[in-house]
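First up is the structure itself, then whatever we jot down about it.
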Amino acid sequence: MTDVARRYPVWTLIVLLLAAGLLWLILTPWTPGIEQVLGRKRVFVNALFGGLTLGALYFLVASGFTLIFGLMRNVNLAHGSLYLLGGYLGYGVSNAAGEWLVAVPVVFLLVGLLGLLLQHQVFRRMEGEELRQTMVTIGLSVVLADMMLWIWGGQSYTLQTPDWLSGPATLPIVVGVDRNGAPVYMRFPQVRIAILVTAVVIGLGMWLVLNRTRLGMLVRAGVDDREMLTASGIRIQYVFLAVFGFGAGLAGVAGVVGGTFQSLAPGEDTRFLLASLVVVIVGGMGSITGAALGALIIGLVEQIGLVYAPTYSVVFTFLIMALVLAFRPQGLIGNRR
Amino acid sequence: MNWDKRTLFGLAGAVALSLGLAMPAAAQTQPPIRIGVLVALEGAFAAGGADAVRNVELALRQVNHTAGGRRIETVVAPSDTRPDTAVRQARKLIEQDRVDFIIGPLSGSEGIAIRDYAKTIPDRTIINGISGALEMTWVDPAPNVFRFNLDGAQWGTGLGRYVVQNRGWRRIATVAADYSFGYTNFLGFAVDFCRAGGTIVQRFWVPLGATDFGGVIAQLPDNVDAVYLGMGGTDAINFLNQWQQAGAGTRIIGGTIMADQTVLTARGRAKEALVGTLISGPLAEDNPDPAWQTYVRQYREAFPANQRFPSPSLFGTGYYIATQAAIAGLNAVNGDLSDGQRRFNAALSSLRLATPLGEVSLNENRQATGTVFVNEIAEGPGGTLVSRNVAKVDGVNQTLGLTAAQFRAMGLPSRTNPDCRALGGG
């Protein structure tokens, strides 16, 4: 952290000032002047939190995608199908078990296993042939999409929120004053808070594993220089398997989460594949921190855009991607290779 | 030339055969009539489109594929709800398949494109399938385009007056999809609602295909009696799901496609938010009218249960009525399609058609006047949702009860139209 601050003092200052300004906006009651520019505080804070949650979901999908790419140079275009499959399986499991929480580990295992199978049976056979791998993943995504349409049909599914998470929670943030002068506190769906917390916990866990464990060391070394790592006697195939399985499992869990606060239907697979591509391009291919930053930016832009400029909200995401590609093609946090 | 015996026999046989076949055709004196069925069989409305094809077949079977003394043949041309595909397929029907007239299209923006195409083929007739775009028969209509179904604005009528007068819901906020059908369907509701004295506090327009509505839900004002939701398909499901998670709050008034089969058959709890919702549209599943009941029974008998919906869909009913109109028109002119189909067109214009949805007649724009049903969504057996009819409005015309001048002055459906205050609301 201090390293970064020393290297880019101006940028650090700008980011800190922005964060402080945002915090001030969230915590203080708004004056009529601010309301004139940004509308009611409740709306702004809600859009902000909504964006954070959406970013959390995008992060869950994109982090596996970026890990797999970073380590194996494999653009897994079937990642969206793993997301959708996870959602459908989660629907089945949570209905059978009657408990939403059960779905998360079960889906992680099932989709993770499928990931292991794909890596072991398919991608290992075409290592280093990037074009072939990409074509095969496209093919797999088409096959998986049709099989899911066959099994689950064209209607849309929504996972049932657990009872203890349904309905809104009241947050200790004052968003306005009612007619009697009493403060009005912000209400926000509990599910979304849970999703946000889950994503932060998973993100921190990944960071710890990558930076504090032997496996993480191997993965980082593999991302930096695969050949050197192999040459030093590491069985890189096992590392590949672990990463692919973990990334796939994470996509499955994201499907469960996405199916809970949005819905699952044919077509969601490509939507989330596109979202994770955009996130990873903005954040920087192969970097977990980059995926987190990219997901945060895209989520916030989508939500705030929907509130303040609904007509153009679709464009903003791609505008940001285009800007990043134009001025920082390696992504915001990416290494130039 | 080297004629051997076998060839000669073959030739003789062929001549005899063709003579034999020609005899009954000569007795009928006229060649069959070819009808092109332009219908969306790909894309979002594919299931509804398939139901439309079934219903054309049903209507023709009921008259033994004969009308005006001539046999009827059909050619199906699939589109994908995109206007350019619809026009390409219509052109194929006219130029390659040489059909006499077209029944179709299915979706809103297709209808507008087909209206413009119709002007290039003045000697052929087009009977709309179930396209609901107001513009198709309102803005510079084509003289050879006929619509026997109500348009999107008409489908919204009746609901507004009902919620004000019967439920006392006077202050509402609205959230609707930001495209042509969203505006049109909303306009029909709003004209009625405002004229009955209702107030629209705030209007939100959300892009088609948006998935996260948290920001919009947070903006909905607290002090309203109900919220109007004009969305369909997965957009509707996502909205309802997030609406529940945010603590729901108020009552819902729905646009016509808010409670279509996509939403009602969805798995999960989202649709439960719809219980008690009031919607309006051209049909009511529990309509006691014998004409409707007979039609539903015939539909169920004609196709096995796994090859149809439990009851005819909105799309299917539209195509059924369009085919009925074509048959009635052909009968009225004895199958005479000569003189650029002028007599056929005149017959269609003056039809008073008895349909499963009641009697339908056309106005000077060749647009139907008919009945709109107000339905309430209720819980049915086994956790399903059903819609129950609570009111109906007969004789809803194209200008929604306003004079043509008033309606024209209001402007075309858009984000800001209609102006509630100008109509007597707030």
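Throughout, a chain's letter reflects where its sequence line sits, starting with A, and its residues are numbered from 1.
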Apply the side-chain hydrogen bond (donor to acceptor under 3.5 Å, both in side chains) test between A:Ser263 and each candidate in B:Asn241, B:Asn238, B:Asp235; give the one that qualifies. B:Asn238
Looking only at heavy atoms, what is the nearest atom pair of B:Ala218 and A:Val43, with distance? O-CG2, 4.5 Å
Would you find more than 12 non-hydrogen atoms of other residues, nucleotides or ligands less than 6.0 Å from B:Glu379 atom CD? no
Using 0.5 Å steps for rounding, measure from the CZ atom of A:Phe188 to the CD atom of B:Gln245. 10.0 Å
Starting at CZ of B:Phe239, measure out to CD of A:Gln262 and round the result to the nearest 0.5 Å. 13.5 Å
Which heavy atom of A:Pro168 sits nearest to which heavy atom of B:Ala246, and what is that distance? CG-O, 3.7 Å
Keeping B:Gln242 on the side-chain end and A:Pro189 on the backbone end, is there a donor-acceptor pair under 3.5 Å? no
A:Val307 versus chain B, heavy atoms under 4.5 Å apart: side chain, backbone, both or neither? both
Side chain, backbone, both or neither: which part of B:Asp212 has a heavy atom under 4.5 Å from chain A? both
Might you confirm whether atom OH of B:Tyr179 has over 12 heavy atoms from other residues, nucleotides or ligands at distances under 6.0 Å? yes
Flag the one option from A:Phe261, A:Phe49, A:Tyr91 with the top tally of heavy-atom pairs under 4.5 Å to chain B. A:Phe261
Heavy-atom proximity to chain A below 4.5 Å, by part of B:Leu220: backbone
